[in-house]
Amino acid sequence: EIVLVLDPGHDSTHSGASGNGLHEEELNLKIAQYCRQKLEQYDGVTIYMTREGTTCPYPGTTSTDDNANRVYNAADVGADFYISFHLNSATSSSASGVTVYYPNRNYNAGIGTLGQKLAQAILNALTKLGLKDRGTQIRNSEDHTTYPDGSLADYYGVIRRSKECGFPGIIIEHAFISNSVDASRYLWSEAGLKQLGEADADAIIAYFGLRERDSVGVFDAKFYYDNYSDLRQVIGWNETALWQHFKNYGIYEGRTASPV
């Protein structure tokens with residue numbers, strides 16, 4: 001069972017960006033809810049949300065402590081991934097498109113690799129909607145914050161703390177709230193927000209090879225078999241055994257279950 005923690009960034013106390021008559025903290029929640037609704041149609045995954053409503057889940061805290069508590073709670077529920085939902089903003093109204101941030105490879109290189117793979121899958125799904133591709137990115141600490149081993153830490157607290165807790169954290173900057181085209185196409189309507197959330201879910205479903213309830217799902221046994229010669233030798237052609245390998249080991253080894 002994969003445990004995913006979906007984090008609608010910001011809240012009514014620690015507000016996000018605003019533009020074009022929109023408020024980021026409100027839209028982040030809606031996108032995450034649409035993502036969860038689709039994921040809940042699949043077996044093999046447990047979903048937690050860091051907040052269910054507009055208010056701060058940890059009243060009286062600073063933004064830094066609020067975000068830290070969200071990650072620590074994710075660790076308490078056994079998170080395999082922490083996925084934070086955001087919208088971008090810029091002083092220039094011409095800036096547009098999607099960026100996904102993932103962990104650097106310091107301290108725990110495997111977490112960086114896993115984060116990059118899911119970040120790329122989500123980026124691909126969102127750019128298929130027509131969003132400008134701004135790439136997957138790492139952002140390192142700018143004040144020389146380090147990990148326990150002395151290596152340079154990640155800039156974003158939720159990514160840094162997720163790594164320290166033992167799982168990848170990524171940040172999806174879905175579109176620019178400050179750009180009128182992004183806003184009109186994706187943010188002003190429930191249909192546009194649903195598109196974003198379901199694109200996130202589609203990428204997650206394909207990445208983890210999740211199976212839709214009462215269906216064969218998207219785990220592609222032939223793809224998995226053909227792509228990994230070591231599994232052909234050890235397991236052979238056994239669809240059930242291949243699925244069990246992917247669920248129990250392949251995900252954490254950075255293997256993919258379908259051509260995403």
Side-chain angles (χ1 to χ4, degrees), residues 2-10 16 28 31-32 35 39 45-50 63-88 97-127 133-174 199-201 203-209 249-257 260:
I2 304 302
V3 178
L4 302 178
V5 174
L6 309 185
D7 171 44
H10 304 290
N28 292 342
I31 297 167
C35 180
L39 289 173
V45 63
T46 298
I47 309 297
Y48 293 94
M49 300 273 285
T50 60
S63 177
T64 297
D65 288 342
D66 173 34
N67 283 321
N69 286 332
R70 296 186 194 202
V71 174
Y72 298 148
N73 186 65
D76 288 342
V77 300
D80 292 301
F81 257 95
Y82 186 95
I83 302 169
S84 195
F85 293 71
H86 285 265
L87 294 168
N88 220 330
V98 54
T99 302
V100 187
Y101 289 94
Y102 66 95
N104 68 26
R105 286 176 172 77
N106 294 340
Y107 188 50
N108 187 326
I111 282 177
T113 299
L114 289 173
Q116 193 278 332
K117 288 178 179 290
L118 182 58
Q120 188 63 56
I122 290 173
L123 181 80
N124 292 346
L126 290 168
T127 55
D133 185 343
R134 300 178 69 92
T136 59
Q137 298 184 31
I138 290 169
R139 186 173 179 184
N140 290 320
S141 170
E142 296 167 2
D143 63 0
H144 308 294
T145 298
T146 60
Y147 284 116
D149 66 353
S151 61
L152 187 64
D154 289 279
Y155 174 86
Y156 292 109
V158 295
I159 293 179
R160 182 175 69 253
R161 291 189 179 91
S162 292
K163 186 188 288 185
E164 290 173 341
C165 288
F167 48 85
I170 64 172
I171 297 173
I172 311 168
E173 297 280 6
H174 287 85
D200 295 333
I204 293 166
I205 289 161
Y207 179 81
F208 288 107
Y249 305 105
I251 291 168
Y252 306 103
E253 294 169 357
R255 301 184 194 240
T256 54
V260 296

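For this chain, numbers begin at 1 and follow the sequence in order. Everything numeric in this text was worked out from a predicted model, so none of it was measured.
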For the atom pair CD1 (Ile122) and CG (Asp200), what is the distance rounded to the nearest 0.5 Å?
5.5 Å
Measuring only between side-chain heavy atoms, which start at C-beta, is Phe85 closer than 4.5 Å to Thr50?
no
Residues which pass side-chain hydrogen bond (donor to acceptor under 3.5 Å, both in side chains) with Gln137, listed by chain and number, not counting sequence neighbours:
none
His144 side chain to Thr146 side chain, donor-acceptor N/O pair below 3.5 angstrom
no
I'd like to know if the side chain of Ser151 and the backbone of Tyr147 have a donor-acceptor N/O pair within less than 3.5 Å.
no
Decide yes or no for Ile138 and Ile159: does some side-chain heavy atom of the first lie under 4.5 Å from some side-chain heavy atom of the second?
no
Using modelled atom types only, decide if a donor and an acceptor are shared between the side chain of Asn28 and the backbone of Gly9 within a distance under 3.5 Å.
yes
Within the 4.5 Å heavy-atom criterion, are Leu4 and Phe208 side-chain neighbours or not?
yes
So Cys165 and Val71, do their side chains get closer than 4.5 Å, heavy atoms only?
yes
Between Lys163 and Asn104, a side-chain donor and acceptor under 3.5 Å
yes
Answer yes if the side chains of Asp154 and Tyr101 hold a donor-acceptor pair under 3.5 Å, and no otherwise.
no
Rounded to the nearest 0.5 angstrom, the CZ-CD1 distance for Phe81 and Ile204 is 9.0 Å
Heavy-atom pair with the smallest gap, counting every atom of Ala125 and Ala199
CB-O, 3.4 Å
Counting N and O atoms only, with roles assigned by atom type, does the side chain of Asn67 sit under 3.5 Å from a partner on the main chain of Ser63, one being a donor and the other an acceptor?
yes
Between Asn88 and His174: side-chain donor-acceptor atoms closer than 3.5 Å:
no
Please confirm whether the backbone N or O of Leu123 pairs with a side-chain atom of Thr127, one donor and one acceptor, at under 3.5 Å?
yes
